[in-house]
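Reading through the structure tokens given below for one structure.
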Amino acid sequence: MNFPSSLVTSLRDAQRIVALTGAGISAESGLSTFRDAQTGLWSKFKPEQLATAEAFQRDPKFVQDWYALRREQALKAEPNAGHLALAEMEKRAPEFLLVTQNVDGLHARAGSNRMVELHGNIHRFRCFENDCASENFDIENGRCRSCGGNLRPDVVWFGEMLPTDALGKAIDAAEECDVFFSIGTSSVVYPAADLWRRAKERGAIVIEINKDPTPLTSLADYSFLGKSGEILPALIDAIRNKNKVHETSGPE
Ligand code: BV8
């Protein structure tokens with residue numbers, strides 16, 4: 001795969017890189033994206049309808065089972081070449097922050113450390129009614145032993161505020177970065193979908209890598225339509241080779 005040499009040079013020389021990821025980066029690990037049709041009992045529902053406090057209030061078991069299925073699928077899945085490429089990019093860049101909308105935990109399993117989970121993590125739980133301490137959680141039965149209430153996944157539901165520290169870190173990093181990647185996301189869920197604009201307004205290069213066009217495609221400096229598990233490793237290779245050229249032939 002060929003990349004514009006100006007892009008590879010910018011990436012090689014970048015001091016601060018931010019990468020925003022969405023469900024698309026986990027698609028090649030076999031996990032369905034949010035836009036993909038729901039399966040089984042939940043096929044009649046849009047994720048936005050299930051991932052809400054109202055839906056949980058209405059039928060906790062139904063929503064708990066949906067998350068249990070997604071949790072099981074995430075545990076069975078393996079990080080793919082896209083996740084691994086970002087873990088490598090983290091090691092190369094002087095400053096790097098991975099901002100993920102994914103709750104599947106695959107980035108951490110791929111070795112990413114400098115990361116914020118904007119929408120939480122499906123493998124953690126909270127007490128829905130009283131936010132009781134976690135040591136008394138009966139995960140098996142989805143109950144809080146302290147208050148008898150229901151356990152919910154520690155994710156951000158639609159209509160709920162994002163964790164202030166994670167969002168604060170993401171906004172600061174976006175506003176200070178040289179390069180901002182938007183990877184495997186439909187760029188429609190806010191406030192995550194607004195981060196690229198903050199970076200762009202402060203002079204960053206915005207690069208989109210996504211299978212299908214999004215509202216960002218025509219606004220990004222570079223937009224590569226394709227699979228992140230193929231494009232990201234190729235980009236890392238291009239940077240690595242540029243380094244070799246640079247080392248052997250001296251400054252441009
Ligand atoms: C809030 C956790 C406010 C749960 C999630 C401004 C304008 C309009 C609406 C709003 C706005 N501000 C707020 C809103 C409302 C809402 C929102 O944005 N709605 C959207 C639908 C319009 N936002 C909220 O509710 C947020 N909270 O605003 O609170 C507030 C303020 C004050 C006081 C109280 C409250 C909370 C948003 C977070 C919700 N939680 N997840 C769970 O996972 O169960 S969001 C969830 O959906 C994901 O985390 C992710 O963020 C989003 C899905 O998006 P993507 O990840 O992009 O996935 P998608 O399937 O859409 O796209 C995948 C893409 O990958 C596709 O484009 C495809 O082409 C591509 N792809 C596929 N395969 C590949 C690939 N790309 C590369 N390689 C491949 N192989």
Side-chain angles (χ1 to χ4, degrees), residues 1 19-39 42 45-56 62-74 77 79-86 98-107 115-126 128 152-164 166-167 170-171 181-198 207-217 220 223-235:
M1 193 169 180
L20 172 73
T21 64
I25 198 165
S26 294
E28 290 155 87
S29 297
L31 296 185
S32 57
T33 70
F34 252 65
R35 293 316 109 181
D36 289 339
Q38 296 288 340
T39 52
W42 304 277
F45 297 84
K46 286 198 320 178
E48 286 91 334
Q49 293 162 310
L50 288 165
T52 64
E54 294 72 33
F56 190 86
F62 187 71
V63 174
Q64 281 174 335
D65 292 350
W66 181 52
Y67 279 100
L69 172 70
R70 292 175 58 195
R71 197 171 294 119
E72 198 188 309
Q73 292 167 339
N80 64 61
H83 297 105
L84 298 170
L86 287 177
L98 174 61
V99 178
T100 189
Q101 300 169 80
N102 300 344
V103 297
D104 57 31
L106 289 180
H107 280 301
M115 174 177 75
V116 290
E117 295 176 313
L118 273 188
H119 297 161
N121 185 301
I122 204 172
H123 307 291
R124 291 194 307 261
F125 296 84
R126 279 169 38 207
F128 179 69
R152 60 167 284 175
D154 184 13
V155 298
V156 179
W157 281 332
F158 287 92
E160 292 185 331
M161 289 296 279
L162 276 58
T164 34
L167 182 58
I171 289 173
F181 281 98
S182 179
I183 303 164
T185 181
S186 54
S187 294
V188 297
V189 173
Y190 287 79
D194 191 49
L195 290 170
W196 76 269
R197 192 184 51 74
R198 291 171 179 270
I207 306 164
E208 180 184 53
I209 297 173
N210 206 62
K211 185 166 70 66
D212 306 297
T214 75
L216 177 55
T217 304
S223 186
F224 301 102
L225 296 184
K227 294 184 171 182
S228 49
E230 294 164 6
I231 296 171
L232 281 169
L235 202 49

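Every number for a ligand or one of its atoms is a count from 1 in the order of the listing.
- If you look at V188 next to ligand 1, the close heavy atoms, those under 4.0 Å, all belong to the backbone.
- Those atoms of ligand 1 with a heavy atom of G159 less than 4.0 angstrom away are 24 (C), 25 (O), 27 (N), 29 (O), 34 (C), 35 (C).
- Per-residue contacts place E28 under 4.0 angstrom from the following atoms of ligand 1 (heavy atoms of the residue considered): 78 (N), 79 (C), 80 (N).
- Not a single N or O atom of G229, backbone or side chain, sits closer than 3.5 Å to an N or O atom of ligand 1.
- When heavy-atom distances to ligand 1 are checked against a 4.0 Å cut-off, E160 comes that close only through its backbone atoms N, CA, C and O.
- Nearest heavy-atom pair, R126 versus V155, reported as atom, atom and distance to 0.1 Å: NH1-O, 4.1 Å.
- Annotation: side chain of L50 is not in contact with side chain of Y67 (no heavy-atom distance under 4.5 Å).
- At least one N/O-N/O distance between A23 and ligand 1 falls below 3.5 Å.
- Taking the side chain as every heavy atom from C-beta outward, W196 and E208 never approach each other to under 4.5 Å.
- Using cut-offs of 30° and 60° for the angle between ring planes, the F128 and F56 rings count as tilted.
- In this structure, W66 and F34 have perpendicular ring planes: the angle between them is above 60°, well past the 30° mark.
- For the pair E230/M1, no side-chain contact is recorded, criterion being any heavy-atom separation below 4.5 Å from C-beta on.
- Side-chain contact between L225 and D212: absent, with no pair of heavy atoms (C-beta onward) separated by less than 4.5 Å.
- Closest to atom 50 (C) of ligand 1 among all protein heavy atoms lies Q101 OE1, 3.6 Å.
- Between D212, N210, I25, it is N210 that holds the heavy atom closest to atom 67 (O) of ligand 1.
- Under the 4.0 angstrom criterion, atom 26 (C) of ligand 1 counts as having a protein heavy-atom contact.
- For atom 79 (C) of ligand 1, the nearest non-hydrogen atom of the protein is G24 O, 3.3 Å.
- Among K227, M161, E230, H119, the residue whose heavy atom lies closest to atom 5 (C) of ligand 1 is H119.
- Proximity of atom 15 (C) of ligand 1 to the protein is not indicated, since no non-hydrogen protein atom lies closer than 4.0 angstrom.
- For atom 21 (C) of ligand 1, the closest non-hydrogen atom on the protein side is E48 OE2, 3.8 Å.
- Checked options L20, L98, L86; the residue passing with I183 is L86 (criterion: side chain to side chain contact (heavy atoms under 4.5 Å, CB included)).
- Contact annotation: the side chain of P153 never approaches that of V103 to less than 4.5 Å [non-hydrogen atoms, C-beta and beyond].
- Annotation: atom 52 (C) of ligand 1 to nearest protein heavy atom, V189 CG2, 3.6 Å.
- Counting heavy atoms under 4.0 Å from ligand 1, residue A27 touches it through the side chain alone.
- A search for side chain to side chain donor-acceptor pair (under 3.5 Å) contacts involving D194 returns R197, not counting sequence neighbours.
- Taking the side chain as every heavy atom from C-beta outward, T21 and N102 approach each other to under 4.5 Å.
- The single protein non-hydrogen atom nearest to atom 43 (O) of ligand 1 is R70 NH2, 3.0 Å, given as residue, atom name and distance.
- Side-chain contact check for S26 and H107: no donor-acceptor pair (N or O, by modelled atom type) lies under 3.5 Å.
- Ranking protein heavy atoms by distance to atom 39 (C) of ligand 1, first place goes to V156 O, 3.4 Å.
- Shown here for N80 and I25, the closest heavy-atom pair between the two residues is ND2-O, 2.8 Å.
- Shown in contact with Y67 at under 4.0 Å from a heavy atom are these atoms of ligand 1, numbered in order with element: 4 (C), 42 (C), 44 (O).
- What sits closest to atom 78 (N) of ligand 1 on the protein, heavy atoms only, is S228 N, 3.0 Å.
- With contacts defined as side-chain heavy-atom distances shorter than 4.5 Å, the pair L118/L167 qualifies.
- For ligand 1, the atoms lying closer than 4.0 Å to a non-hydrogen atom of G184 are 63 (C), 64 (C), 65 (O), 76 (N).
- Checked against a 3.5 angstrom limit, the closest N/O atoms of F34 and ligand 1 fall inside it.
- In terms of polar-atom proximity, defined here as any N/O pair under 3.5 Å, K211 does make such a contact with ligand 1.
- One option in G22, S186, G226 has a heavy atom closer to atom 54 (O) of ligand 1 than any other, and that option is S186.
- With respect to atom 7 (C) of ligand 1, the closest heavy atom belonging to the protein is Y190 CD1, 3.8 Å.
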